[in-house]
There are 2 protein chains.
Amino acid sequence: MFSHIDIKGNMNLIILSVLSKNDKYGYEISKEIYTLTEQRIRLKEGSLYPALHRLEKQALIEGYWVEQEPGKPNRKYYRITEKGRSMIELEKQEWISFIKIMGRIICEGESTGI
Amino acid sequence: MFSHIDIKGNMNLIILSVLSKNDKYGYEISKEIYTLTEQRIRLKEGSLYPALHRLEKQALIEGYWVEQEPGKPNRKYYRITEKGRSMIELEKQEWISFIKIMGRIICEGESTGI
DNA sequence: GCTATATACCTTGACATTCTATATACAAAG
DNA sequence: CTTTGTATATAGAATGTCAAGGTATATAGC
């Protein structure tokens, strides 16, 4: 039915936004995005974990391990930093600018409802 | 003042949209986009020409040379094909879906006016 | 016992996209 | 004579994303 949607370089903003509400672990983030987007966006592990490490290296998020009951795999939770929150605001503004510009380019005299 | 904006994988839709009005040559396309976006998006040659060749290979556009007065560099004009026009419609719909999804992710209970 | 599914982390290698830099060539402006 | 503008093009590097695989445990079905 619905085809997969390309996130087009917005992974950082997506992850930071999801973490801005509360701390989450990797696997939880991917499930959250999957349901939040009505199964349209599925972050694969090969994209998600490198992205989380990248964001951590930039000090936009911080990871901390939380042990689970014996036998269950431990979880690495991530919290957003103050720097990360500033980044959200910045990237959000850029995103809004960009969709306005795109609207102008692709609509050009048409009415598409954007 | 304004920083450069990343076009994040939307080059194809941008070029096709610009060509949907009338035929243009490469250099003209980049200038058109530059002014249309109030100097926010500048397609570099290293991005533009490979993209045009890519689109041509996919038969979404067709190129044809137009000779200029002697001494002036010849121009390679591009026209959009029927297949290209279908692609615009498809990518436009995908884009609209995507910005709706992004809006849901990054707004989440806020009012940002998107 | 075997298989599949779910949880949870991770890395490697390939591919596509985009940029920087460079190359060619001529005209006009300073 | 150097720069800017017009106009094409490619090579190399960086980045981002994905497909595929790997590790490990628990549970459910056959």
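Predicted, not measured: the structure shown is a model, and the values here were computed from it. Proteins get letters first, then strands, A, B, ... in listed order; numbering begins at 1 in each.
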Integer-rounded Å distance: D:dA7 P and B:L52 CG: 14 Å
d(CH2, B:W65; P, D:dT8) in whole Å: 6 Å
Side-chain ion pair, B:K8 and A:E94, N-O less than 4.0 Å: no
Side chain proximity check, A:F98 to B:D6, heavy atoms < 4.5 angstrom: no
For atom CD of B:E56 and atom P of D:dT8, their distance in whole Å: 12 Å
Is there any protein nitrogen or oxygen under 3.5 Å from a nitrogen or oxygen in nucleotides 21-23 of chain D, and what are the pairs?
none

Between C1' of C:dA8 and CD of A:Q68, the distance in whole Å: 10 Å
A:N74 CG - C:dC10 P separation (whole Å): 11 Å
Set of residues satisfying side-chain contact (heavy atoms from CB on, under 4.5 Å) with respect to B:S86, sequence neighbours excluded: none
Closest listed nucleotide, where the reference is the side chain of A:K76 and the choices are D:dT10, C:dC10, D:dT17: C:dC10
Phosphate OP1/OP2 of C:dC9 contacted by A:Y27 side-chain N/O (<4.0 Å): no
Phosphate OP1/OP2 of C:dT18: any B:R42 side-chain N/O under 4.0 Å: no
Could you tabulate the donor-acceptor pairs under 3.5 Å formed by side-chain atoms of residues 25-36 of chain A, not counting sequence neighbours?
from  : atom 1 : to    : atom 2 : distance (Å)
A:Y25 : OH     : A:R75 : NH2    : 3.4
A:E28 : OE1    : A:Y25 : N      : 3.3
A:S30 : OG     : A:Y27 : O      : 3.0
A:E32 : OE2    : A:K21 : NZ     : 3.2
A:T35 : OG1    : A:K31 : O      : 3.3
A:T35 : OG1    : A:E32 : O      : 3.1

Whole angstrom value for the distance that separates P of C:dT18 from CG of B:L55: 10 Å
Side-chain N or O of A:H53 closer than 4.0 Å to phosphate OP1/OP2 of C:dC9: no
Partner of A:M102 by side-chain contact (heavy atoms from CB on, under 4.5 Å), out of B:I14, B:I7, B:I99: B:I14
Nearest-neighbour nucleotide for the B:K31 side chain, D:dA7, C:dT7, D:dT8 considered: D:dA7
Short side-chain N/O contact to C:dC10 OP1/OP2 from A:Y49, under 4.0 Å: no
First encountered from the 5' end of DNA chain C, between A:Y78 and B:D6: A:Y78
Touch class at under 4.0 angstrom, heavy-atom based, for B:N10 against every strand present: sugar-phosphate
Separation of D:dT6 P from B:E28 CD (nearest whole Å): 11 Å
Phosphate-side-chain proximity, B:R54 and C:dC15, N/O vs OP1/OP2 below 4.0 Å: no
Which donor-acceptor pairs under 3.5 Å do the side chains of residues 53-64 of chain A make with protein atoms, sequence neighbours left out?
from  : atom 1 : to    : atom 2 : distance (Å)
A:H53 : ND1    : A:Y49 : O      : 3.3
A:E56 : OE2    : A:G63 : N      : 3.0
A:Q58 : NE2    : A:R54 : O      : 3.4
A:E62 : OE1    : A:R79 : NH1    : 3.1
A:Y64 : OH     : A:D23 : OD2    : 2.4

Touch class at under 4.0 angstrom, heavy-atom based, for A:K44 against every strand present: sugar-phosphate
With B:K24 via side-chain hydrogen bond (donor to acceptor under 3.5 Å, both in side chains) - residues at least two apart: B:N22
Distance in angstrom units between A:Q58 CD and D:dT15 P, rounded: 11 Å
Flag side-chain contact, heavy atom, 4.5 Å: A:I15 against A:L48: yes
Pairs under 3.5 angstrom, nitrogen or oxygen only, protein versus nucleotides 25-30 of chain C, please.
from   : atom 1 : to    : atom 2 : distance (Å)
C:dC26 : O3'    : B:G71 : O      : 3.4

Residues forming a side-chain contact (heavy atoms from CB on, under 4.5 Å) with A:N74, sequence neighbours excluded: A:W65, A:E67, A:Q68
Main-chain N/O of A:Q93 paired with A:S97 side-chain donor or acceptor, under 3.5 Å: yes
